[in-house]
Amino acid sequence: GCSYPVEGFWKHSYPISVNTATSLSHSTPINAVLLKEALESKESDLVFPSEDFSSQALVPSRQKYLETYKKSIEDPAGFWSSIASQFYWKEKWGKQVFSENIDVSKGDVKIEWFKGGITNICYNCLDRNVEAGNGGKIAICWEGNEPNIDGSLTYSELLQKVCQLANYLKDAGVKKGDAVVIYLPMLMELPIAMLACARIGAIHSVVFAGFSADSLVQRIMDCKPKVVITCNAVKRGPKVLHLKDIVDAAISQSAKNGISIDVCLTYENQSAMTRGDTKWHQGRDIWWQDVVPKYPMTCEVEWVDAEDPLFFLYTSGSTGKPKGVLHTTGGYMVYTATTFKHAFDYKPSDVYWCTADCGWITGHSYITYGPMLNGATVVVFEGVPTYPDAGRCWDIVDKYKVTLFYTAPTLIRSLMRVGDEYVTRYSRKSLRVLGSVGEPINPSAWRWFFNVVGDSRCPISDTWWQTETGGFMITPLPGGWPQKPGSATFPFFGVQPAIVDEKGAELQGECSGYLCFKHSWPGVFRTLYGDHERYETTYFKPFPGYYFSGDGCRRDKDGYYWLTGRVDDVINVSGHRIGTAEVESALISHSQCSEAAVVGVEHEVKGQGIYAFVTLADGVPYSEELRKSLILTVRKQIGAFAAPDKIHWAPGLPKTRSGKIMRRVLRKIASRQLDELGDTSSLADPSVIDQLIALTDS
Ligand code: ATP
Ligand code: MG
């Protein structure tokens, strides 16, 4: 049987009402805070939702969660099919709601949900909402790179734009099952392009418009599209990026490899660059504005099977070569919609803003599909959160009265570093729920987000999930239970985590080990495109019978889940297994440290030693005293065994283009294997590496 993760916990912990979170802030002088953080175990820091919040929440209590969770596990078919019935299906799925084999010892891994069900996700995002009378509701509020440039589309207008593009694509020869590569910045045309592909049953492959020509070539070669959709240029902050030049280079490189692109549909992004300045390939390149608006504003839907592919998307490349994940239609639709609704406690009056780019899974599931399936108003932001200054996010929050704000720890830490004034000068009264994704959020960053950004009023949804999982797996449901800063709390409905040891034996109760999942869930990916074997080897073979996430995880005595980083990153110091995330959290809790990345290096005595790259807060100079104080912080919070052997000052850290620290590169720098840095094509700023190497022996 299954174990219900929180049962024991509620009995003893609910009556306690300490809320240490509100009394701690990163700007408090260092020693008092550190001592306090060190003395109080992080597990007793419960942050309770207010009664006002809980009483209106979708999942208002622990009992409600437990009841629903129990149902979802005991009868997944019944649970998910009753949710799926709220969507439009041209034909209902077959007798079997789902079928799965995730056990490699029993044959090929195969997962199907709602097979035989005929539907269309674009229809469910747009037509269904318009037909329900919400055509006049704003679907997208678009905020340009410059604060005075913006726009919006209602659900009816969005549907019309999507239909025009869908009609154009059909005319250009794109058929059901064909791939379309989309290389666009965060213009409204990006979700429009995704939805237009979905409408005609084409498979989109969105490539983050910051990737180099080489990365784009690789993705073009993988899916062999007929059409590439792009724009001439984009302004990100003060910089103009010539996207079309990158696409041109990628298309000619692909042609040399035998893949030719018939059409490059190019949106003229006037605020960044005019037509006259754009290089042009007559016959292949077409201006979006010249052709698309001429097409009819209605377009028949291509009905597809629930298991027909919806999109390809590559993982961030934090751990190696990016993996081409394939998601299908029906299960993904049901799962993204349901997780969005619950993890943000969505209400029709909400205004939702996610700072991710549609080039990542977060932008697929939680900018385009999840929110629009719920008929939500979504802010789409073209620019960068620090332009014109570090207050831009809160300016946007006030401008659109954003209620649900979803971002990444990397942004939270960088805003924390520049000071509270940028936040407090804005009202932020509209905010209701905050969200975080991408990396473990350190308790000190969590508290700053909670106290300063959310005025100690908004629950934080720290959502743990992956490109592969399609949607949230471990996440708070705001209002449903007290939070612990830094813990993603409990599994979503239908999700059965298992923490296993090296041998694959499931651990019970309080434990730490490898995070796996039993059984499939509707949103899980179905294969790595063109490489089903790698799919099985990476995810299902390490622990037969389970989906293996690659992440380490700890479950505390109250049943809360704490993600401790990737298992490849676990450091073994004299027999102690230490998660990089835990050491990093301790370092970052130091008021003068803004970011930290920890890796293991060979150590004669201890087996492995701890090597910490540390970025300091703005204006703080390096000093021997500070080095000692950082090490002391870790000793106090975790223990002497976790104290870093080496502190490497880092003006910046190598990050993927989605903002994650690339520890595998740092491991090579730490062990001085400088000629073995590996695939760095998804790094945002490769020059960081030279800076780090230059500071190697400082
Ligand atoms: P690659 O698989 O190519 O190495 P990646 O794992 O960074 O790249 P994503 O699918 O974008 O690619 O990221 C998923 C990973 O991000 C998770 O496995 C986890 O390590 C981390 N992650 C995401 N959200 C959270 C979170 N809330 N808490 C902790 N870690 C998180
Ligand atoms: Mg991954």
Side-chain angles (χ1 to χ4, degrees), residues 206 208 211 215 218-219 313-325 327 339 343 354 356-366 406-412 434-443 445-446 449 460-476 483-492 497 514-517 523-525 528 534-535 538-539 542 547-554 560-570 579-582 584-585 597 654-665 678-684:
V206 181
F208 173 59
F211 271 121
S215 307
Q218 188 202 329
R219 287 151 177 75
L313 185 68
Y314 293 79
T315 59
S316 309
S318 308
T319 55
K321 192 172 174 302
K323 300 173 275 277
V325 162
H327 280 287
T339 45
C354 166
D357 191 287
C358 285
W360 310 114
I361 189 66
T362 306
H364 281 60
S365 301
Y366 301 111
Y406 188 33
T407 191
T410 181
L411 181 67
I412 298 168
L434 304 174
S436 169
V437 62
E439 290 182 289
I441 176 166
N442 332 88
W446 195 103
F449 200 27
I460 295 182
S461 281
D462 171 11
T463 58
W464 180 89
W465 61 298
Q466 309 177 292
T467 308
E468 297 89 334
T469 67
F472 305 149
M473 297 293 281
I474 300 182
T475 178
Q483 304 191 267
K484 296 187 182 190
S487 163
T489 75
F490 304 118
F492 191 70
Y514 301 86
L515 179 62
C516 292
F517 294 91
V524 67
F525 71 141
L528 286 178
R534 186 174 178 207
Y535 173 72
T538 311
Y539 303 98
Y547 166 83
F548 173 45
S549 68
D551 283 7
C553 182
R554 186 162 62 81
Y560 282 69
Y561 288 78
W562 300 77
L563 279 299
T564 53
R566 293 155 209 284
V567 293
D568 308 348
D569 294 336
V570 168
T580 49
E582 296 179 283
E584 287 160 8
S585 278
K655 289 190 186 158
T656 62
R657 287 168 195 274
S658 57
K660 296 175 193 209
I661 298 167
M662 227 193 234
R663 285 184 191 70
R664 65 186 162 86
V665 169
D679 183 353
T680 52
S681 62
S682 66
L683 270 185

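Quick note: residue numbers are just sequence positions, from 1. Atoms within a ligand are numbered from 1 in the order they appear, just like the ligands themselves.
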Looking only at protein heavy atoms, which one is nearest to atom 22 (N) of ligand 1, and how far off is it?
Gly438 O, 3.2 Å
With a 4.0 Å cut-off, would you call Arg663 and Glu584 a salt bridge?
yes
When distances are taken from atom 28 (N) of ligand 1, the protein heavy atom at minimum range is Glu439 O, 3.4 Å
Distance-only, no hydrogens or angles: does the Tyr547 side chain make a donor-acceptor pair with backbone N or O of Thr469 under 3.5 Å?
no
Look at atom 5 (P) of ligand 1 and say which protein heavy atom is nearest, naming residue and atom and giving the distance to 0.1 Å.
Ser318 OG, 3.7 Å
Does any N or O of ligand 1 fall below 3.5 Å from an N or O anywhere on Lys323, backbone included?
yes
Which is closest to atom 11 (O) of ligand 1 by heavy-atom distance: Gly435, Pro322, Ala356, Ser316?
Ser316
Side chain, backbone, both or neither: the part of Thr656 lying under 4.0 Å from ligand 1 by heavy atom
neither
Indicate the ring-plane relationship of Tyr366 and Phe472, choosing parallel, tilted or perpendicular according to the 30° and 60° boundaries.
parallel
Hey, looking at atom 25 (C) of ligand 1, which of Trp360, Tyr314, Trp464 has the closest heavy atom?
Trp464
Keeping Arg664 on the side-chain end and Asp679 on the backbone end, is there a donor-acceptor pair under 3.5 Å?
yes
Would you say Ser436 has any N or O atom under 3.5 Å from an N or O of ligand 1, going by distance alone?
no
What's the shortest distance from atom 4 (O) of ligand 1 to any protein heavy atom, and which residue and atom give it?
Thr319 OG1, 2.4 Å
Nearest protein heavy atom to atom 29 (C) of ligand 1, by residue and atom, and its distance?
Pro440 N, 3.1 Å
Which one holds for Lys660 and ligand 1: side chain close, backbone close, both close, or neither close, with close meaning a heavy atom under 4.0 Å?
side chain
In terms of side-chain heavy atoms, does Ser316 have a donor or acceptor partner in Thr656 at a distance below 3.5 Å?
no
Can you check whether Glu439's main-chain N or O pairs, donor with acceptor, with Lys660's side chain at less than 3.5 Å?
no
Report the C-alpha separation of Thr475 and Thr339 in whole Å, then their side-chain angles, then the decisive distance to 0.1 Å, and conclude whether the side chain to side chain contact (heavy atoms under 4.5 Å, CB included) test is met.
CA-CA 9 Å; Thr475 178; Thr339 45; over 6 Å; no
What protein heavy atom is closest to atom 10 (O) of ligand 1, reported as residue, atom name and distance in Å?
Thr467 OG1, 2.5 Å
Proximal ligand 1 atoms for Val437, defined as those under 4.0 Å from one of its heavy atoms:
24 (N)
Side chain His327, main chain Thr467, donor-acceptor under 3.5 Å:
yes
Among all protein heavy atoms in this structure, tell me which lies nearest to atom 18 (O) of ligand 1, with the distance rounded to 0.1 Å.
Gln466 NE2, 2.9 Å
Compute whether any side-chain donor of one residue and acceptor of the other, for Lys655 and Thr410, lie under 3.5 angstrom apart.
yes
Is the Trp464 ring parallel, tilted or perpendicular to the Phe517 ring (thresholds 30°, 60°)?
parallel
Can you tell me which residue and heavy atom of the protein come closest to atom 19 (C) of ligand 1, and the distance to 0.1 Å?
Asp551 OD2, 2.8 Å
